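Comments concern the structure below.
Just follow the structure's listing: the first ligand is 1, and inside any ligand the first atom is 1. Being a predicted model, the structure only gives us computed values, none of them experimental.
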Amino acid sequence: MTKPIDTGGNPGHLGFMVDTPQKLDAASHAWLRDDSLRRILLAIKQAGGEARIVGGAVRDALLGREVKEIDLAVNLPPHDVSTILKAAGIKVVPTGIDHGTITAVVDHRGFEITTLRRDVETDGRHAKVTFTDDWQADAARRDFTINALYVDAGGNLYDYFCGRADLTIGHVRFIGDAETRIREDVLRILRFFRFSAWFGRGEADAEGLDACSKLAELIPQLSVERIWHEIVKLLAADDPALSWQRMSDCGVLIQFLQEGENVPRLRSLLAVEKKYAARAHPLVRLTALLPQDETVAATVAQRLKVSKREAARMIALASMPRRLNGKLDPVPFRRALYEYGIDNARDGLLLLAAEHPALDIESALASAATWDKPVFPLQGADLLKLGMPSGPEMGTTLRALEDWWIAEDFRPDRAECLAKAQKKLL
Ligand code: ATP
Ligand code: MG
């Protein structure tokens with residue numbers, strides 16, 4: 001039976017389940033024959049249920065991209081799924097069982113399996129859900145048409161909202177009325193820009209863009225962790241610049257990252273990445289969008305509650321062009337390599353070239369790749385031998401000596417360093 005679904009009046013969409021007889025051909029979709037996946041699908045089928053692959057895996061497979069994570073939807077309650085899989089000798093981790101999700105682990109690979117759900121109550125951040133056996137209802141609570149595609153064990157594609165057609169033309173479109181869907185979960189604003197960056201082509205969906213713009217003020221009610229997760233994924237797209245620009249133009253960016261508006265520098269960085277076949281990490285791309293200022297980087301890192309490691313990296317990257325003095329002098333570059341590590345120095349080079357496109361960083365990149373970090377020849381024990389009492393002053397002296405050694409471009413050997421230390425202690 002087909003049920004009417006509110007598609008928000010999108011023209012060209014039928015408004016009811018379109019059980020299109022499409023099939024993924026097994027020959028070009030080897031991932032569907034994966035043994036671990038088939039074990040799970042079979043165990044559920046033998047118990048009278050059905051599991052289908054859903055979301056990212058189907059989308060990526062249809063685009064001919066590599067399928068990485070496989071998420072499944074299932075028409076049985078989570079505890080039943082857990083019992084069935086365990087009985088089939090499959091390890092089960094109850095990763096979010098209250099929300100319907102368990103993770104099956106086969107051959108060290110995790111498969112998230114979520115019971116079909118429909119929303120009962122939403123408040124913009126959390127949803128109260130109820131389990132169902134209605135595939136169409138489960139599809140309707142997903143965010144975009146391209147994310148609501150399912151494939152069953154036989155390779156049959158279930159496309160309830162014309163997601164395949166949207167994927168083909170690069171149309172990222174909310175399922176149903178965009179404004180309503182955003183009010184249910186405000187994160188969908190950021191997901192709209194994330195999926196547009198990855199899969200969108202041509203003009204952005206006008207209804208979606210308008211709704212994002214209209215409801216942008218709701219963004220601060222989201223946790224910064226969820227925001228951060230989305231922007232890192234957005235910035236990992238091949239070319240996130242247009243989507244980021246739109247996010248800025250329609251008043252979304254200002255709600256959580258008003259400092260990150262230097263899209264021209266991001267574009268320049270993307271061109272540098274292409275030129276040198278060097279893909280930059282999303283954090284580096286983010287740094288390109290921010291003013292080159294360590295204080296700003298530290299403030300943003302703190303506001304977005306990024307990990308300590310990420311914060312240190314952002315601050316190091318923000319300081320890199322200044323440290324390299326806008327040039328490619330080998331001495332400051334070696335210093336940067338020593339103090340910030342190869343990865344940061346390499347990323348610093350990319351940022352430098354983004355700022356100064358005429359600069360040729362080819363050989364500097366090569367020298368970074370083969371850099372052997374020199375070891376400072378002195379230790380505390382050496383200063384003790386020279387008669388210095390141990391204590392905090394020793395650390396300060398040692399650091400001062402190391403600074404001198406770095407400034408000398410790591411040339412002084414142990415004997416010279418000892419002589420310098422002796423002089424310093426006299
Ligand atoms: P990726 O390859 O980046 O993981 P994905 O499509 O798997 O992409 P996820 O964020 O992992 O994206 O979400 C999995 C699926 O769950 C989505 O494809 C979508 O169907 C649904 N989904 C996730 N978050 C939401 C949300 N906030 N609102 C509605 N549906 C969502
Ligand atoms: Mg996913």
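Ligand 1 has no N or O atom lying under 3.5 Å from any N or O atom of D60, backbone or side chain.
Comparing heavy-atom distances from atom 13 (O) of ligand 1 across R226, R142, R191 singles out R191 as nearest. Between atom 7 (O) of ligand 1 and the options G55, G163, G56, the minimum heavy-atom separation is to G56. When the options K68, R59, R181, R65 are ranked by their closest heavy atom to atom 2 (O) of ligand 1, first place goes to R59.
Of all the heavy atoms of K233, the ones lying under 4.0 Å from any atom of ligand 1 belong exclusively to the side chain. Neither the backbone nor the side chain of E69 comes within contact range of ligand 1; no heavy atom lies under 4.0 Å. Both the backbone and the side chain of D143 come within 4.0 Å of ligand 1, judged by heavy-atom distances. Contacts with ligand 1 closer than 4.0 Å are made by side-chain heavy atoms of R194 only, the backbone lying farther away.
Residue, atom and distance of the protein heavy atom nearest to atom 28 (N) of ligand 1 are R188 NE, 2.8 Å. Ranking protein heavy atoms by distance to atom 11 (O) of ligand 1, first place goes to D71 OD2, 4.5 Å.
For ligand 1, the atoms lying closer than 4.0 Å to a non-hydrogen atom of R141 are 29 (C), 30 (N). Heavy-atom proximity to D185, at under 4.0 Å, picks out these atoms of ligand 1: 26 (C), 27 (N).
Ring pair F144/F192 is tilted by interplanar angle, where 30° to 60° counts as tilted. Classified by interplanar angle (parallel below 30°, tilted 30° to 60°, perpendicular above 60°), the ring pair W405/F410 is perpendicular.
Ion pairing between a basic and an acidic side chain is recognised when a charged N comes within 4.0 Å of a carboxylate O; D143 and R194 show no such pairing. Using a 4.0 Å cut-off between charged nitrogen and carboxylate oxygen, D238 and R279 count as a salt-bridge pair. For the pair R164 and D159, the salt-bridge criterion is not met [side-chain N within less than 4.0 Å of a carboxylate O].
Taking the six-membered ring for Trp and the full ring otherwise, Y158 and W135 have centroids separated by 6.0 Å or more.
Between L187 and ligand 1 there is no heavy-atom distance shorter than 4.0 Å.
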When the side chains of residues 368-378 are checked against the rest of the protein, which donor-acceptor pairs come out under 3.5 Å, sequence neighbours left out?
unit_1	atom_1	unit_2	atom_2	d
T370	OG1	A366	O	3.3
T370	OG1	S367	O	3.4

Tell me, with the steps shown, if R39 and D107 meet salt bridge (Lys or Arg N to Asp or Glu O under 4.0 Å).
CA-CA 11 Å; R39 254 185 87 189; D107 284 338; 5.6 Å; no

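Contacts classified as salt bridge (Lys or Arg N to Asp or Glu O under 4.0 Å) and involving residues 349-364 (residues at least two apart or in different chains) are given here: R265-E355.
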